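This is a predicted model, so every value here is computed, not measured.
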Amino acid sequence: MGQQASLPQDVITFTYQFLEAPKAYALRAVCTDCLYAFADIESLELSDSNNYVNLPKNWAKTIVNELTNLHTLRIKGQWPDIAGIARSCPTLLNLEIVGCTRPGLTSGLCTFAAHATNLRSLRIRSCRDSDEGLSSLFTNCTHIESVSISNGLNEMGGYNPGRLAAAMSSMAKLKNLKVLRIEKMGILYDNALVKIAQTCPTLEEVDLRDEMITAESLEAIANHCKALQTFSATLPSQVDKGKITLGMQHITKECNQLKKLVFAGLPDPCLVNLAQHCQHLEILELTCPATAASDAFLDLSDNGIAALAQGCRKLKTFKCANLRHIGDSGMAGFIHEHPNLEGLWLGNTSVGDETCAAIGDTLKKLRKLSLRDCTEVTRNGLQSVITNCTAIERLWLGGTDMTDRLVDVVITNCPLLKEITVQDTLVGKKSLRKLADAFPALGWAL
Amino acid sequence: EDESVKLISSDGQDFEVEVKVAQMSETIRNLIEDTGIDAAIPLPNVTGKILAKVVEYCKYHTEHPTPVSEDKRDEKRTDDIIPWDQDFCKVDQATLFELILAANYLDIKPLLDLTCKTVANMIKG
């Protein structure tokens with residue numbers, strides 16, 4: 001046997017990324033090549049779902065201490081000594097902490113604030129609140145460009161406006177902030193968002209879904225964040241709808257660089273503004289919650305959809321589901337003017353065969369289509385879509401007039417199909433078997 | 001469209017390969033951009049036995065492109081190797097290591113991913 005080739009160090013380092021931390025810890029002890037390669041690891045995940053019983057105490061700290069080039073650290077679960085790990089991460093750029101509800105989180109975050117001053121991105125998900133910890137991070141790590149905080153667990157339960165007051169206020173110190181995502185935290189922002197918008201004109205992405213946005217913060221964003229490319233927000237249930245609509249009108253007029261906008265039931269005047277001012281828009285999501293009252297989003301109507309036909313020619317993805325009062329009169333014209341659409345979600349609306357004909361005529365690039373529960377669409381409408389949209393990959397047709405014969409048409413005309421749903425239709429088991437035979441890669445419940 | 005290029009292994013074996021197949025290798029792609037496809041490309045770091053396997057891999061994956069997952073978290077998965085790739089890697093350890101070296105030298109990312117994932121799975125046991 002000849003001499004076995006040894007692997008280059010960078011390849012061993014590359015292989016480490018596929019191993020969980022305990023295995024990586026074991027591998028590094030095998031030989032010096034592995035040890036040196038280990039030290040070069042840039043990304044590490046510590047997850048308390050692994051079996052750590054047989055490992056020496058403080059092994060996590062030992063590992064992190066040896067990593068001279070660690071850029072990305074993800075800590076999942078109830079780690080007992082985050083502060084100990086935090087002391088050894090001076091090169092850290094990206095930090096993610098998920099599912100930690102221990103009190104030690106605060107001292108952990110404060111320690112990161114003291115040592116990982118080059119931090120660029122922070123993601124905190126499903127952790128206990130830590131106003132002091134977060135505030136410390138935002139004050140000391142001024143290079144942070146991306147902040148994502150979601151699913152906060154408030155021990156006090158219910159609504160507590162002052163929970164992250166210091167943290168939100170300190171966020172205004174991040175002069176390079178580009179991405180701000182806050183989801184399901186239930187915080188009342190008062191003026192914090194206004195200050196952030198004023199001091200961070202570099203903001204490119206703002207995602208405040210399920211948060212209590214205020215009209216003042218929308219105005220501040222419209223006035224100061226001209227570089228905004230992505231904006232997602234939800235209409236809060238107990239506020240002055242008129243003022244929020246006005247704020248959104250200003251955003252859709254002033255933030256001309258918008259590429260993605262998510263806002264359930266965005267009122268018509270905003271759609272008019274989008275068509276006139278936001279020609280870079282590629283993704284527009286107006287889908288409303290399925291449980292919403294039928295009169296909750298009447299400010300978005302066929303007129304607004306018709307107005308959209310006048311602009312936003314770069315639109316690739318359009319979602320407008322769960323709006324039963326939206327029908328063909330605006331939609332067909334909108335579709336005719338947007339041949340670049342690749343994804344279209346119109347589930348649970350009143351669009352019918354006229355819209356389907358427009359889809360079949362115009363959308364040659366369509367890859368994803370949902371007509372779920374569109375009861376106005378007949379077999380003719382489905383036929384025009386299936387026959388003409390040959391690039392389709394995902395079709396959601398549950399609750400429609402779909403039939404066995406139309407399944408045959410799908411099999412003949414849609415060679416790229418990856419996913420199809422036909423629950424609550426007349427399609428029978430035999431057709432489902434035919435689909436499985438024709439497209440082996442398909443997966444759905446029979 | 002059906003143009004081909006000649007690759008020469010370290011032990012002098014010739015391989016006539018379609019250009020679009022050969023260009024799965026970034027190293028070869030760059031060489032072709034600089035010097036064209038008329039001259040044969042010597043690959044002194046890859047034996048004929050291994051180059052044959054590499055060409056087999058590139059041919060299959062050019063004909064059957066696998067869509068890349070949109071989820072970044074899937075990059076670290078090792079349980080999603082397609083059956084053809086699994087069979088491809090059923091070789092002795094020495095060959096597997098040589099394939100890794102070749103994928104690294106020729107800069108064929110999907111092959112490097114596959115072979116390193118296979119090694120990772122062997123370590124996981």
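Sparse packing is recorded around NZ of A/K259, with 12 or fewer heavy atoms of other residues, nucleotides or ligands lying under 6.0 Å away. In B/Y60, the OH atom is crowded: over 12 heavy atoms of neighbouring residues, nucleotides or ligands sit closer than 6.0 Å.
No other option in B/V119, B/I123, B/T78 has as many heavy-atom pairs under 4.5 Å with chain A as B/I123.
Rounding to the nearest 0.5 angstrom, the gap separating the CG atom in B/L96 from the CG atom in A/L7 is 8.5 Å. Rounded to the nearest 0.5 Å, atoms CZ (B/R77) and CZ (A/F18) are 12.5 Å apart. Between atom NZ of residue B/K109 and atom CZ of residue A/F14 there is a gap of 4.5 Å, rounded to the nearest 0.5 Å.
A/D10 is listed as a side-chain neighbour of B/N104, based on a closest heavy-atom distance under 4.5 Å.
Residue B/C116 comes nearest to A/T15 through the heavy atom pair SG-OG1, 3.4 Å, listed as atom of the first residue, atom of the second, then distance. Nearest heavy-atom pair across A/P8 and B/L101 is CD-CD2, 3.2 Å.
Contacts of B/D113 with chain A are made by both backbone and side-chain atoms, with heavy-atom separations under 4.5 Å.
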